[in-house]
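Data block below; observations after.
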Amino acid sequence: MSEKTIPILPCRTIQPVLDFYTTLGFEVTFQQKSPNPYAVVQRGGIQLHFFGMKHYEPAESFSTCIVQTDDVDGLHETFRAGLKAAYGRVPNRGLPRIGPLKNTSHGVRQFLMTDPGGNCIRIGQQTSDNQHHRPAPKETFARALHHASLLADSKQDLESAAKIIDRALRLQEERPTPVQLLRLLVLRADIATRAGDEETARSAIAAATAVHLTPQEQESVHDDLKRLTQLLD
């Protein structure tokens, strides 16, 4: 016996969604304009179906699906390159957008991508058999990073995530390690960029760039340094 699950996702109009996915290397394998707008895109083992709704509001969408892969780093690089070629930049806010690649607290390495229809595609690679969220750390700055990351990425609550980081960075009685400081500043820059707050983004990027790390510390924050480079691009 063999089964397959295929998500059917909404959008206001089909064509912008198809244009987006073909930019990423997907093939349009089916399209119907009447009696009801419907289309299918496929790339390797990823197949997504879409249907049109005239009064649908993409910016208010909660529709999402998970794509499991064994090469999440490769897909992230490929999709970023395709979007940059199509848009002249990598869109990280508004619609469409693509987020940074991260190791989550529930044993998955993933990135989030939202198409013009407002559908959030969570593309991830399992890194642990334990799929439960790890408890929040007790240490001040590790805890701030944990909660801010969850709010910014899983809940898309950029304002609350920014407040957590800003509060942590203002502490006088405790100071983060260089690694923690770098991670907090990169996440703050990323949040500000996604929120369109260019002044805060520039300030956080400059502060992150000034953090001195040993070669061993740099290796431990490889993803954060890569994201910093992307924000500087």
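This one's a predicted model, so the numbers in the text were calculated from it and none came from an experiment. What you see below is based on every heavy atom in this structure, not just the backbone, and it leaves out hydrogens, waters and symmetry mates.
In this structure a side-chain-to-backbone donor-acceptor pair under 3.5 Å is missing from R109 to V72. Put simply, the side chain of S128 gets close to the backbone of N130: a donor and an acceptor are under 3.5 Å apart. Although no hydrogens or angles enter the test, the distance criterion places a donor-acceptor pair under 3.5 Å between the side chain of N119 and the main chain of P10. Formation of a donor-acceptor pair under 3.5 Å by the S61 side chain with backbone atoms of P58 is not found in this model. R143 places no side-chain N or O within donor-acceptor distance of the main-chain N or O of K138, the cut-off being under 3.5 Å.
Of the N and O atoms on the side chains of T23 and Y87, not one donor lies less than 3.5 Å from an acceptor on the other residue. There is no side-chain donor-acceptor pair under 3.5 Å between E27 and Q42. Side-chain contact check for Q230 and R227: at least one donor-acceptor pair (N or O, by modelled atom type) lies under 3.5 Å.
From Q110, atom CD reaches atom CG of D153 across 7.5 Å, with rounding to the nearest 0.5 Å. If you take OG1 on T64 and CD1 on I121, they are separated by 6.5 Å, rounding to the nearest 0.5 Å. From D71, atom CG reaches atom NE2 of H76 across 12.5 Å, with rounding to the nearest 0.5 Å. Note that CD of E3 is 8.5 Å distant from OG1 of T5, once rounded to the nearest 0.5 Å. Considering OG1 of T78 and CG of D73, their distance stands at 10.5 Å, rounded to 0.5 Å. To the nearest 0.5 Å, atoms CG (L151) and CD (E159) are separated by 11.0 Å.
For I14 against G52, the heavy-atom pair with the smallest separation is CD1-N, 3.9 Å. Of all heavy-atom pairs spanning L112 and R122, the tightest one is CD2-CG, 3.4 Å. Closest heavy-atom contact between Y56 and S63: OH-OG, 3.7 Å. Across all non-hydrogen atoms, the minimal contact from G117 to V17 is N-CG2, 3.8 Å. Closest approach of A136 to H147, counting heavy atoms only: CB-NE2, 3.6 Å. When every heavy atom of R43 is checked against every heavy atom of G25, the shortest pair comes out as CG-O, 3.7 Å.
Classification of the Y38-H49 ring pair by plane angle, with boundaries at 30° and 60°, yields perpendicular. Between Y21 and F50, the two ring planes are tilted [angle within 30° to 60°].
For the pair P37/F51, no side-chain contact is recorded, criterion being any heavy-atom separation below 4.5 Å from C-beta on. Counting only heavy atoms from C-beta outward, the side chains of Q31 and K33 approach each other to under 4.5 Å. When side chains are defined from C-beta on, L95 does not count as touching P116, because their heavy atoms never get closer than 4.5 Å. Side chains of C11 and F20 form no contact here, defined as non-hydrogen atoms less than 4.5 Å apart.
Under the 4.5 Å side-chain contact rule for hydrophobic residues, I6 and V67 do not share a cluster. Residues L75 and V108 do not share a hydrophobic cluster, defined by chaining ILVMFWY side chains whose heavy atoms lie under 4.5 Å apart. Residue I66 is not grouped with residue I8 when hydrophobic side chains (ILVMFWY) are merged at heavy-atom distances under 4.5 angstrom, including chains of intermediate members. Side-chain heavy atoms closer than 4.5 Å link hydrophobic residues (I, L, V, M, F, W, Y) into clusters, and following such links, possibly through other members, connects V28 to F26. Tracing side-chain contacts under 4.5 Å through hydrophobic residues (I, L, V, M, F, W, Y), one never reaches M53 starting from L18; they form parts of separate clusters.
In E139, the CD atom is crowded: over 12 heavy atoms of neighbouring residues, nucleotides or ligands sit closer than 6.0 Å. Enclosure of atom CZ in R188 by more than 12 non-hydrogen atoms of other residues, nucleotides or ligands within 6.0 angstrom is indicated. Within a 6.0 Å radius of CD in E174, more than 12 heavy atoms belonging to other residues, nucleotides or ligands are found. Few gaps surround CZ on F30; more than 12 heavy atoms of other groups in view lie less than 6.0 Å from it. Counted within 6.0 Å of CD on E57, heavy atoms from surrounding residues, nucleotides or ligands total more than 12; the atom is thus considered enclosed.
The pair R93-D197 does not count as a salt bridge, with every side-chain nitrogen at least 4.0 angstrom from each carboxylate oxygen. Between D190 and R194, at least one side-chain nitrogen of the basic residue sits less than 4.0 Å from a carboxylate oxygen of the acidic one, meeting the salt-bridge criterion.
Under the rule for a ring-ring contact (aromatic ring centres under 6.0 Å, His included), the partners of H106 that lie at least two apart in sequence or sit in another chain are H133.
Here V186 sits in one hydrophobic cluster together with F141, L145, L158, I165, L169, L171, V179, L181, L182, L184, L185, L187, I191, I205, V211, L213, V221, L225, L228, L231, L232; the rule is ILVMFWY side chains under 4.5 Å apart, joined directly or through other members.
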| task | Under the side chain to side chain contact (heavy atoms under 4.5 Å, CB included) rule, what do L24 and M113 come out as? Steps first, then yes or no, please. | result | CA-CA 11 Å; L24 302 179; M113 181 176 69; 3.5 Å; yes
